[in-house]
**Student:** 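Right, I'll just put the structure down here and ask away after.
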Amino acid sequence: MDKMKRIIIFDTTLRDGEQSPGASLDIKAKIEIAKQLARLGVDVIEAGFPIASKGDFMAVKEVSSAVKGPCVCGLARAKKEDIERARDALKSAQNARIHVFLATSKIHMKYKLKKAEEEILKQASEFVKYARKFCDDVEFSPEDASRSDVDFLCRVVESVITSGAKTVNIPDTVGYAIPDEFGALIKTIKTKVPNSNKAIISVHCHNDLGLGVSNSLAAIENGAEQVECTINGLGERAGNASLEEIVMALNTRKDIFACATSIKTKELCRTSRLVSKLTGIVVQPNKAIVGRNAFSHEAGIHQDGILKKRSTYEIMKPEDVGFGGTRLVLGKHSGKHAFSDRLKKLGVELKEDDLVKAFERFKDLADKKKEVFDEDLLAIVEEELVSVPETYTLDYFNIKRGKNVPPQATIRALKHKKAEEETSSGDGPVDACYKAVDKITGLKFELLDYSLKSTTGGKDALGEVAIRIKPDSGNEVSGRGASTDIIEASIRAYLNAVNKFLFARQKRLHETM
Ligand code: KIV
Ligand code: ZN
């Protein structure tokens, strides 16, 4: 055991992960995720890119005050104003890190930055030094490292370490590398850069060729000591290397890697679920470790083997990653105290008024559903976790349909307690409902994505709907809704997204005033 090398887990779900199309998170949701990441045991939380927007700045600031334990990191370009903004956002962090980046590949230097190698070398070390004036813990990333000239890359790495970078992160920014090649690059840096042992060598792999995790593991085998990754593999384009897959590969194949992490693996599924809920990005059922089917055995021969000895077809125990564990928790006679107690055990703390609202929904659910499970509780409190003000709430709905008759939906929503009702027909009941809501709000959206899944098993299971919609102008938004009635869940999801859109629009108006 003492031969185990410790791998630092740097989570960038709140920064690179949030760059996933449609995954924008508000501050309350970011804090919720950051607290769960701390419970999960990550070493570093990259909470945002403070210069990018007011929202990012506030997120890094709030996460810095709310989360104790992991180091909190803010991203900055190699520029004075970026570094100062990161410094300000990180002021109250117990352990802060400024992450400075500058591209080093020929293509980025020539077309994006329009700078020569020597200028890049100078800028990188100058701004690492500048960041060190405010923060002991400075990380540097040569962006697009995997497509950079290796000799030049080694010169940059040497120079930023001399200037005070404690971690040098080697990104495969566009997910272009192949495992053997990327592993060899890390080995070259470790052996050719004379002061490489004075800094932690980290990697940050994107998943464009589906190789993010493989490249990260190849890098670890060749001496990388930190991996940057995201929950559910969220991130730009095809995403980043998935935290849960890297951690479980290291855990399951200790014989190969001889590495340990500080991750409490039993928290992996809960973290995945929370991130999926709050970003609105559904996890594919066959996703390794956290997907719904990750531990399901369908083939008869497999089921037979599993019954005889689990290890015939299972290389990990589902309980080790917190999978399943569906537990009957509460019933209709449970009180508010038991309800809030159970939520705390699930890692959710709500403000009193949110708790009251969530409890009402729980009572409602317990009337319809005999058994209420942890998953059901999380599904009903998620609307309280996403802190947008509810401009519209659902008051009533009615669907009329029959054979060869287009479905017709009547929806009544409350706007600041005033009832507004509209009727519309549509291609299907959900379409009719969404058109009726559009009539009420006077807004129009394109439905980009709609998914429905059941929270637990059984005929009375809660249905959870996740959608993404796009307004005529502005960014797409996600919404979620849960109910034992799937039409109601669909309407709730739509109203949730509409409320988010209205809140963001109002915020933008304030910012420009
Ligand atoms: O992919 C990338 O290169 C990045 C850097 C900012 C580390 O996200
Ligand atoms: Zn990235």
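One is the number of the first residue; the rest follow in order along the sequence. First listed ligand is number 1; within each ligand, the first listed atom is number 1.
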**Student:** For the metal site, I want the angle between atom NE2 of His206 and atom NE2 of His204 with the Zn ion (ligand 2) at the apex, to 10°.
**Tutor:**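 An angle of 100° at the metal.
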**Student:** Using a plain distance cutoff, I'd like to know if Thr173 has any nitrogen or oxygen under 3.5 Å from a nitrogen or oxygen of ligand 1.
**Tutor:**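 Yes.
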**Student:** Identify, for atom 5 (C) of ligand 1, the protein heavy atom at the shortest distance, and state residue, atom and that distance.
**Tutor:**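 Going atom by atom, the protein heavy atom closest to atom 5 (C) of ligand 1 ends up being Arg15 NH2, 4.0 Å.
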**Student:** Applying a 4.0 Å heavy-atom criterion (strictly less than), which segment of Glu228 is in contact with ligand 1: side chain, backbone, both, or neither?
**Tutor:**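 Answer for Glu228: neither.
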**Student:** What I want to know is whether Asp16 and ligand 1 share at least one N or O pair that is separated by under 3.5 angstrom.
**Tutor:**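 By distance alone, the answer is yes.
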**Student:** May I ask you to say whether Lys5 pairs ionically with Glu225, meaning some side-chain N is under 4.0 Å from a carboxylate O?
**Tutor:** no
**Student:** Given the rule in the side-chain hydrogen bond (donor to acceptor under 3.5 Å, both in side chains) test, do Lys287 and Ser272 qualify, once you have shown the distances and angles that lead to the verdict?
**Tutor:** CA-CA 11 Å; Lys287 162 89 174 63; Ser272 158; over 6 Å; no
**Student:** Give the residue, atom name and distance (to 0.1 Å) of the protein heavy atom nearest atom 4 (C) of ligand 1.
**Tutor:**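 The answer is His204 NE2, 3.5 Å.
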**Student:** Check for a donor-acceptor pair, side chain of Thr12 on one end and backbone N or O of Cys229 on the other, with a separation under 3.5 Å.
**Tutor:**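 No; judged by distance alone, with no hydrogens or angles, the pair does not exist.
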**Student:** For atom 1 (O) of ligand 1, find the nearest protein heavy atom and state the residue, atom name and distance (0.1 Å precision).
**Tutor:** His206 NE2, 3.0 Å
**Student:** With no hydrogens and no angle check, just 3.5 Å: does a side-chain donor-acceptor pair link Asp16 and Thr230?
**Tutor:**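 On atom types as modelled, these side chains do not qualify, holding no pair under 3.5 Å.
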**Student:** Between Asp16 and the Zn ion (ligand 2), is there a contact where an N/O/S atom of the residue lies under 2.8 Å from the metal?
**Tutor:**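 Of the N, O and S atoms in Asp16, at least one lies under 2.8 Å from the Zn ion (ligand 2), which means yes.
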